[in-house]
Amino acid sequence: MGRKLLLEHINVPGINTFDVYRQQGGYRAVEKALKTLSPEAIVEEVKKSGLRGRGGAGFPTGMKWSFLAKPEGKARYLVCNADESEPGTFKDRYLMTYIPHLLIEGMIVSSFALGAAVSYIYVRGEMMPQIRILERAIAEAKNAGFLGKNILGSGYDLELYVQPGGGAYICGEETALIESLEGKRGNPRIKPPFPAISGLYGCPTVVNNVESIAAVVPIINDGGEEYAKVGIGRSTGTKLISAGGNLAKPGVYEIELGLPVEEFIYSEEYCGGIANGKRLKAVVAGGSSVPVLPANLILKTVNGEKRLMSYESLADGGFVSGSMMGSGGFIAFDEDQCMVRNTWNFSRFYHHESCGQCSPCREGTGWMEKVLHRIEYGHGKYSDIDLLVDVSRKIEGNTICPLGDAAAWPVASAIRHFRDEFEWHITHPAEAVKRNFGLAHYADPLPPVAEPA
Amino acid sequence: MSDKVKVTIDGITVEVEPGISILNAARQIGGDVVPPAMCYYSKLEGSGGKCRTCLVKVSKGSEKDPRPMPKLVASCRTNVMDGMEVQNITSPEVVEARKGVVEILLINHPLDCPICDQAGECHLQDLAFEHGSEATRYEFERRTFDRIDIGDKIQLHMTRCILCYRCVYTADQITNNRVHGVLGRGDASEISTYIEKAIDNDFSGNVIDVCPVGALTDRTFRFKNRVWFTKPVDAHRDCPTCSGKVTLWYKGADVLRVTARKDQFGEAEEFICNTCRFDTKQTGDWVIEGPRNISNNSVISANHYETLRPLPVVQNNALLQEANKEQFERATKF
Ligand SMILES: Cc1cc2nc3c(=O)[nH]c(=O)nc-3n(C[C@H](O)[C@H](O)[C@H](O)COP(=O)(O)O)c2cc1C
Ligand code: SF4
Ligand code: SF4
Ligand code: FES
């Protein structure tokens, strides 16, 4: 069994309530932090832990915290990003629903470390039940003296607020989130300045994902070094994976980073293989924004090594033959799934969610969606495939925020790896609307890489 | 001069104030090295960064940190550093990306220039002429909107809008009531007024001048004439509300239109009030100063014979003259 740092007590009945959470050792991290540690010491522990942001970009959390500007006389804010809307990702919602006090505890410790007197949890608007759960949990914690004035007699004051969003994917981008939190239209800001210098209301701000903040709890309880012992290389600790698609046992799993992908998919401890005895065709490893990989590249890298669930191993091969950890939204596709249809579906999402500020993303996402729709419905042309690649290149890297890249990568990677399936849609339009291309050669073992002479 | 910083753009070095944008540094050089700017407007705080036509490549970050920037950057929103080296038209990557942006700006544009009042002074038209290709690869229906009258003086033709946000910043910053903003998201976004309320204040007409395309036009000039058949004349009057410095656009003896005076980058020198713009169209209302010089590249100048007067920084620098040679030659052809 892999170690569980976040979900250790998830099966204890009533763990969503303050009392049970407390009985299981909850809020120890707050006591330890406020009574025995200085804010700098907490930042130091988080640095030592090697924790990397769980929201998608994988930026080291300790480093991010140490960049926070600390000008005299200005408030500082911690904002928790609970906007979780990446297709295929549902781990934050799970955590907030079943063990909300873990997030509250993490928020208190992190806010103390950053010197924030007011912190926010920005929750995606559709998650109304979770908003109620969090508000209840905050009230319970406040009742027990863990929030409000002079927490545990330490002299530290903290108010924690839950802010529902309007349900826009773009409000998960940290600067758009800040704009939205300020009551404005959720358009990403043009950087610099970065939020660490000028964020919420022009004050230094840290935005962190729900899971990143929750992970601070075990880091403080056991120490950064202990945390760093779990995992592999620069991918330390555990990660929540939202496993979805055609898996026998989809759900949220806490894994130790470094677990082989094959074991994650096929072992009984985790996903239990592909549903209905089908064969695996493709995987999107980190939420819809990351490149899709065919079965033969997700289980092994081009060098024939086992691919592991870690930031480095998933990215091995770069854009040519690798993908990314992203937010941990693991979507498996079986042999009956159509990659063209899926790519179109993802494109539809990005088209719908683009904020429309910058031209390449606003216009390009719609263009790609329309071309993909045409191919999927049997009206495509050969030139459409190259057109898609070209439009995706025109978007990638040329936009204000990474949503442009996130829209471009799934299209570019699907065409890179599944080009024959796209071509088949064009050469066999009548057949393509009636049946799927099937597994084809996408699970065949890769030929060994020739040694360079 | 010690507090100035050195930047090199397309091989031409200038000394500029620290903290200005690459675009403004390029504007001090002038000529072809100036990236086109569809959304940035020097008089509007927070503008820029949106259209992405001004993308450039920073091949050397600064003297201190010479690493190149990993992506192309929007020159209007990226500040210069001492020793920075920038490539605009000398970088094939930039030229390619800009072409892409222009193509993308045009896919949903109605291309109704023949019936658009902006034609002749439209920045999108100029941009498309310089960077576009004759044919589009976009084979789908274009997005359309109904025309909306914003009060009796301004018309919004959203179909032509490129969502540069200039009018939004104008309404926000130079008028005292914010009634104008963006609704919707992505390519369904539209410029709108608060429940179609007329933008009703003294400076609202300036949204017409800042609009780079024909999305916001002057209803008092609608279909009156093509701008290149009218003659621009600088004039002023004693105005209690604004500076009163304007350009009058004559056809024969009639003033068809009044606009702010626009500089060589198409920006209003000073914003003017609605009385000057819409209600004072008699020559007698004005003190005439003389003909307005319009950039020789513009179709409006087609019948004005003048040679290009280069910027001072170009005049006394042989290297710059060489770099702008093509520009001079093109200009003197007229
Ligand atoms: C379009 C877009 C959507 C995003 N959505 C989310 C999200 O829903 N949740 C999240 O935690 N981060 C999201 N991010 C990443 C955030 O911008 C930011 O990097 C993250 O919240 C930082 O937290 P971390 O360092 O703890 O990962 C999104 C980024 C982009 C560009
Ligand atoms: S890339 Fe897309 S979502 Fe991001 S700012 Fe530009 S238009 Fe908005
Ligand atoms: S109406 Fe004109 S100024 Fe306003 S956003 Fe559209 S193009 Fe820009
Ligand atoms: S002018 Fe720089 S992005 Fe529009």
Side-chain angles (χ1 to χ4, degrees), chain A residues 166-171 175-176 184-193 348-371 373-374 379-381 383-384 386-388 390-405 407-408, chain B residues 21 38-40 46-57 69-74 76-79 93-94 96-109 124 127 136-143 161-165 168 172 181-191:
Chain A
Y169 173 62
I170 192 58
C171 289
T175 55
K184 303 184 191 141
R185 180 185 161 84
N187 275 4
R189 291 181 181 170
I190 295 153
K191 291 176 260 187
R348 198 161 59 116
F349 173 79
Y350 291 105
H351 174 207
H352 185 258
E353 296 294 339
S354 161
C355 84
Q357 245 192 126
C358 51
S359 343
C361 168
R362 177 183 66 239
E363 308 292 345
T365 51
W367 193 1
M368 289 197 304
E369 191 218 315
K370 292 189 184 101
V371 175
H373 180 269
R374 165 161 97 184
H379 307 290
K381 304 189 280 191
S383 59
D384 283 351
D386 289 335
L387 176 67
L388 282 171
D390 193 54
V391 175
S392 80
R393 277 212 203 102
K394 298 264 152 79
I395 301 174
E396 185 189 341
N398 293 339
T399 55
I400 295 176
C401 86
L403 189 141
D405 300 342
Chain B
S21 65
M38 298 294 287
C39 67
Y40 171 76
S47 66
K50 303 200 194 299
C51 70
R52 317 307 282 181
T53 56
C54 70
L55 290 173
V56 294
K57 183 181 172 126
M69 293 192 182
K71 294 179 186 176
L72 302 184
V73 298
C76 64
R77 290 294 294 255
T78 309
N79 291 348
E93 200 187 327
V94 170
E96 183 66 22
R98 187 167 298 147
K99 264 196 155 152
V101 174
V102 175
E103 177 177 26
I104 270 171
L105 279 175
L106 290 172
I107 62 172
N108 270 308
H109 191 78
L124 187 60
L127 195 70
T136 179
R137 295 183 290 171
Y138 187 75
E139 297 164 326
F140 304 91
E141 203 170 304
R142 287 163 194 253
R143 162 178 82 227
C161 170
I162 58 159
L163 282 164
C164 70
Y165 280 65
V168 177
D172 246 2
V182 180
L183 292 182
R185 195 167 61 193
D187 59 8
S189 307
E190 56 179 307
I191 296 295

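Quick note on labels: first sequence line is chain A, next is B, and so on, each numbered from 1.
- Between A:D386 and B:R137, no side-chain nitrogen of the basic residue sits less than 4.0 Å from a carboxylate oxygen of the acidic one, so the salt-bridge criterion is not met.
- A:Q357 is not listed as a side-chain neighbour of B:C164, based on a closest heavy-atom distance of 4.5 Å or more.
- Looking only at distances, no side-chain donor or acceptor of B:R185 sits under 3.5 Å from a matching main-chain atom of A:G356.
- If you measure heavy-atom distances from A:S383 to chain B, you find no contacts under 4.5 Å at all.
- Using a 4.0 Å cut-off between charged side-chain N and carboxylate O, B:R143 and A:E363 make a salt bridge.
- For the set B:N108, B:T78, B:N79, the count of heavy-atom pairs under 4.5 angstrom toward chain A peaks at B:N108.
- Considering only heavy atoms from C-beta on, B:R77 stays 4.5 Å or farther from A:K191 through its side chain.
- The residue among B:A188, B:C39, B:G184 with the most heavy atom pairs within less than 4.5 Å of chain A is B:G184.
- For the atom pair CD of B:E139 and NZ of A:K370, the computed distance is 12.5 Å after rounding to the nearest 0.5 Å.
- Neither the backbone nor the side chain of A:E396 comes within less than 4.5 Å of any heavy atom of chain B.
- Both the backbone and the side chain of B:L72 come within contact range of chain A, each with at least one heavy atom under 4.5 Å from a heavy atom of that chain.
- With a 4.5 angstrom heavy-atom cutoff, B:E103 touches chain A only via side-chain atoms.
- For B:L106, no part lies under 4.5 angstrom from a heavy atom of chain A.
- For B:L163, the parts lying under 4.5 angstrom from a heavy atom of chain A are both the backbone and the side chain.
- Two residues are said to be in side-chain contact when any heavy atoms from C-beta on lie closer than 4.5 Å; B:D187 and A:H351 meet this criterion.
- Looking only at distances, a side-chain donor or acceptor of B:R52 sits under 3.5 Å from a matching main-chain atom of A:N398.
- Both the backbone and the side chain of B:Y138 come within contact range of chain A, judged by heavy atoms closer than 4.5 Å.
- Counting heavy-atom pairs closer than 4.5 Å to chain B, the top-ranked of the candidates A:I190, A:V371, A:I170, A:D390 is A:I190.
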